[in-house]
Each structure stands twice: as structure tokens, then as C-alpha cells.
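Here the structure comes first, spelled out in C-alpha cells, and everything after it is commentary.
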Amino acid sequence: RTDDMVKVKGVNIFPGQIDETLRDVEGVSSEYQVMIEAVDGHDVLTVLFETPLEGDEKKRCEEELAGIFKAKIGCTPDAVGVPMGELPRSEKKTKRIFDSRY
């Protein structure tokens with residue numbers, strides 16, 4: 001389904017690609033949110049993900065996720081690890097991509 005696709009920095013991003021990318025990074029849970037904002041005319045992509053890691057391990061995980069995201073999807077996000085259980089859950093398909101540009 002292309003209706004969930006978002007375009008960031010000229011790159012088409014599909015939710016399935018994000019799921020797949022997160023699965024490739026150790027320490028990243030399957031719960032995530034993507035925030036897309038326009039800051040000073042530039043698209044800013046932030047990926048919030050749940051992780052049990054803390055400190056340097058969390059930082060390494062964030063950097064690894066950003067690098068794999070760039071390699072697989074084509075743009076570099078700000079990857080931000082948050083504690084397990086912090087992101088909202090829902091019974092139905094959770095809305096994971098929030099685009100505040102338009």
C-alpha cells in the first residue's frame with residue numbers, strides 16, 4: 001500500500017522498510033514512531049524506538065540504526081532510543097508515522 005508512503009529529502013519511505021530496518025539492529029524493539037518535521041525549510045526525520053539499552057550502548061545502537069537506515073532507505077534520521085514501554089500501544093494498527101510538514 002503506497003498510501004502510507006512518505007517522501008523525505010526526496011526519498012520515498014514505506015513503513016515496511018522501517019520495520020525491516022529496525023529488525024536488523026540489535027537492541028531495538030519493534031515499537032517505534034517516526035516524526036517528520038520541516039525545520040528552516042529542511043525535512044527532519046526522527047525515529048524514536050524502544051530499547052532496553054542505556055548509556056554508551058544506547059548511543060551505539062542509535063548510531064547503528066541511523067547508519068543502517070541511511071544505507072537501506074537513503075536518508076539519515078535522528079535515531080532516539082527511549083525506555084521500553086514509553087511509546088503508545090494500541091490494539092489496532094498503531095499509527096507510527098507522524099508528518100507535521102503539511
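The analysis underlying the following values was restricted to heavy atoms, covering all of them including side chains, and did not include hydrogens, waters or symmetry mates.
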Please check if atom [atom1] in [X] has more than 12 non-hydrogen atoms from other residues, nucleotides or ligands closer than 6.0 Å.
X: Lys7; atom1: NZ; result: no
X: Lys9; atom1: NZ; result: yes
X: Glu37; atom1: CD; result: yes

Can you tell me how far the CD atom of Glu86 sits from the CZ atom of Phe49, to the nearest 0.5 Å?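 Reported to 0.5 Å precision, the distance equals 12.0 Å.
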Exercise. If you measure from CD on Glu63 to CD1 on Ile68, what distance do you get to the nearest 0.5 Å?
Worked result: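 Interatomic distance, Glu63 CD to Ile68 CD1, rounded to 0.5 Å: 12.0 Å.
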[Y] side chain reached by [X] side chain, heavy atoms, under 4.5 Å:
X: Lys72; Y: Asp24; answer: yes
X: Phe69; Y: Leu45; answer: yes
X: Ile13; Y: Cys75; answer: yes
X: Glu57; Y: Thr51; answer: no

Taking a hydrophobic cluster as the set of Ile, Leu, Val, Met, Phe, Trp and Tyr residues connected by side-chain heavy atoms closer than 4.5 Å, whether directly or through intermediates, do [X] and [Y] fall within one such cluster?
X: Val80; Y: Leu53; answer: no
X: Val6; Y: Val44; answer: no
X: Leu48; Y: Phe98; answer: yes
X: Met84; Y: Leu87; answer: no
X: Val25; Y: Leu22; answer: yes

Item to check | side chain to side chain donor-acceptor pair (under 3.5 Å) involving Asp99 - partner list, sequence neighbours excluded | outcome: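 Asp99 satisfies side chain to side chain donor-acceptor pair (under 3.5 Å) with Arg101 only.
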- Query: Given Val11 and Ile73, is the side chain to side chain contact (heavy atoms under 4.5 Å, CB included) satisfied, shown in steps?
  - Reply: CA-CA 8 Å; Val11 177; Ile73 296 175; 4.2 Å; yes
Is it true that a side-chain atom of [X] and a backbone atom of [Y] form a donor plus acceptor pair closer than 3.5 Å?
X: Thr76; Y: Lys70; result: no
X: Lys59; Y: Cys61; result: no
X: Thr46; Y: Val34; result: no

Quick one: closest heavy-atom pair of [X] and [Y], and the distance?
X: Ala79; Y: Ala66; value: CB-N, 4.3 Å
X: Pro52; Y: Gly27; value: CD-O, 3.5 Å
X: Ile18; Y: Tyr32; value: CG2-CE1, 3.4 Å
X: Arg96; Y: Glu31; value: NH1-OE1, 3.5 Å

